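Computation of the quantities below employed the complete heavy-atom set of this structure, encompassing side-chain atoms and omitting hydrogens, waters and symmetry-equivalent molecules. Chain identifiers are assigned alphabetically (A, B, ...) following the order of the sequence lines, protein sequences preceding nucleic acid strands; residue numbering begins at 1 within each chain. Quantities reported herein were computed from a predicted structural model and do not represent experimental measurements.
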Number of protein chains: 2
Amino acid sequence: MLSLHQLRCFLTTYEHRSITAAAEELGYAQPSVSEQIRGLEKTLGVTLFRRVGRGVVPTTVADSLRPHAEATIAAAEDARRAVASVAALETGTIRFGMFGTARLYAGAGLVADVLARHPGVRVELIGQNSTDVQEDLRRGRLEAAMIAVPTVSSEGMQVTPVARDELVYISADPERLQSPVTAQRLAEASLVMPETTWRADDSTRTVLRQMLHETGRNPQTRIEVEDVETAVELVGMGLADSVIPHGAAVQLIPRLAPEAGWVSLRPKQFDTLAIVHRAGATLSPAARLMIELATARIQAIAEPVRPR
Amino acid sequence: MLSLHQLRCFLTTYEHRSITAAAEELGYAQPSVSEQIRGLEKTLGVTLFRRVGRGVVPTTVADSLRPHAEATIAAAEDARRAVASVAALETGTIRFGMFGTARLYAGAGLVADVLARHPGVRVELIGQNSTDVQEDLRRGRLEAAMIAVPTVSSEGMQVTPVARDELVYISADPERLQSPVTAQRLAEASLVMPETTWRADDSTRTVLRQMLHETGRNPQTRIEVEDVETAVELVGMGLADSVIPHGAAVQLIPRLAPEAGWVSLRPKQFDTLAIVHRAGATLSPAARLMIELATARIQAIAEPVRPR
DNA sequence: TACTGCTCTAGGCTGGGCCTATGCTTTCCC
DNA sequence: GGGAAAGCATAGGCCCAGCCTAGAGCAGTA
């Protein structure tokens, strides 16, 4: 079986025209190098050196092998360097999960932070939807993610809350913003809600479901759309009201629905923004970096939660 | 220590997303491949796969390593193929020693024979002078050679005679060609001899020295030149006579000295054309090929010697 | 001829590499 | 929801590769 070690011994011997010298350079005893070369000759089925009195003389086969041996060693060295470079976060790809309001608040800034520190890396911010992120985490495709979760508990997952984000009622009708919205009023409201496709898993909806369930009512939505932006625009047009995270309201209402405003629910409801990864996993330096930067970004916007 | 085996296991596992599948393809038990990958991760200091429930998932580091691992394996495979190709005489260099009349008789034809059979090879016909060829053989730079030797015996060398070549007296004076030339007449002749620089080792001169020594005379040369062609030309101009191998006379006199002719010595003297290589050496296929072809060429021209 | 320098051989030790058996976890399916 | 299946890790044992030291053999050299 051909091995890099054999090729290394071969090259050093070829250059020195001497097994003893090669052994010295490689830090081995002479018979060890001798054995490697004998093994190489055996696996290749050729004679590489003529043993002649003092020293050894390469055959023409050795001449032919040499450049290929060098190329192979160099390729192996390249591989090692490439990995080292990736490990040092100089090159390679950093993949991180981020979904929903977390990405809305911190996505671009987080990428900017990473690129500022590590200009050579590629960054992948994964998260078409909440279910996919959870699935990717579970399947190991994602090492860690920051997502909004309704409750801090998940099968085999370690969930570390970093901030909480109040859910607010938004409306273009100032009347409805005069006082905090109770479950009863919420149940009677005409709502537009985003994340249609993933409604079963959406964090905000889960929170609302719980809130209404406690008062014996079912959630009602008049309009279903995919993204928060569309929902906010519809609210701005006065076609419905909605419930979205406070941070989203702050960012989107001035831009998309200047006429609208927001008010708390009663009792106040919160999404929890948390770092999630597989329980018991040892996180890579890249993942730890992303967690650190993402947490800083999020806590600058949403209300920090200090885990004890 | 990085090894090709580790890289092979890594690649197969990467492709299958499964250690078990990789082990099956590679023909090992699952724990063996597992151990190789663990070893690779240890030497590189990184995590290549996340172990997750059913199967394993490559990390981004593994993504980065993959092309380099493939390149390294490919380079090693190239090396193996290159050597195989050389061993099959499809490519590479065939080096053979050939000096003096042997090259004069058979050099070009031998190269043609080799290239006809093995169009891809390079051929090196080494032999600036007799001493160098012997030295190259002794030092191992040459594996085998065909040269003219005065006697069939040499220190640590295996000498296999393949043909003998009569030494003839050549002259432009028909008078001197009427009868075989004795040692006495030779001692009195005005001679031009080639191979000045290597006169001590030249085969023809050694034979003549012995012949004259037995009659108590010393060899006399009037003119010393480097190559046989010049000597023959000088003979053609009637400036001196010479003693050269019969085959050389046949080839050169019609071309370079049409007025000259030749006659035997008395007693007849011979150069022995022999294959020479280090005693006890195992000859490579290339060397055996050259010996076979060179012998055939030489025996078509000079008088074959069948060794018992 | 004795000495030096280099390779090979011999013999012994250690660890890597491979195996089987088994345990643990996840996944699949009834 | 519970048992079967699948897949990785661990444990333990065997064997040879790889390394060493010591010494023989041989070529080149003073």
Using whole Å, report how far [atom1] of [X] lies from [atom2] of [N].
| X | N | atom1 | atom2 | answer |
| --- | --- | --- | --- | --- |
| A:L26 | D:dC20 | CG | P | 11 Å |
| B:Y28 | C:dC18 | OH | C1' | 9 Å |
| A:R8 | D:dG18 | CZ | P | 12 Å |
| A:K42 | D:dC16 | NZ | C1' | 12 Å |
| B:I37 | C:dC18 | CD1 | P | 12 Å |
| A:E35 | C:dC13 | CD | C1' | 13 Å |
| A:R50 | C:dT7 | CZ | C1' | 16 Å |
| B:L40 | C:dG16 | CG | C1' | 15 Å |

Take A:L89 and A:I94 through the side-chain contact (heavy atoms from CB on, under 4.5 Å) test and state the conclusion after the steps.
CA-CA 8 Å; A:L89 298 181; A:I94 298 182; 3.9 Å; yes
Hey, does the side chain of [X] come within less than 4.0 Å of [N]'s phosphate (OP1/OP2), counting only N and O?
| X | N | result |
| --- | --- | --- |
| A:H5 | C:dG16 | no |
| A:S18 | C:dT7 | yes |
| B:R51 | D:dG7 | no |
| B:S34 | D:dA9 | yes |
| B:S32 | C:dG17 | no |
| A:T20 | C:dG5 | no |

Report the residue (A:V33 or B:G55) whose heavy-atom-nearest nucleotide on DNA chain D is the more 5′ of the two.
B:G55
With distance as the sole criterion, do the side chain of A:Q30 and the base of C:dC6 form a donor-acceptor contact below 3.5 Å?
no
Can you tell me if CD on B:E24 sees more than 12 non-hydrogen neighbours from other groups inside 6.0 Å?
no
Answer yes if the side chains of A:T47 and A:T59 hold a donor-acceptor pair under 3.5 Å, and no otherwise.
no
Any chance the side chains of B:E143 and B:H277 put a donor and an acceptor closer than 3.5 Å?
no
Taking side chain as C-beta onward, heavy atoms only, is B:V61 less than 4.5 Å from B:L48?
yes
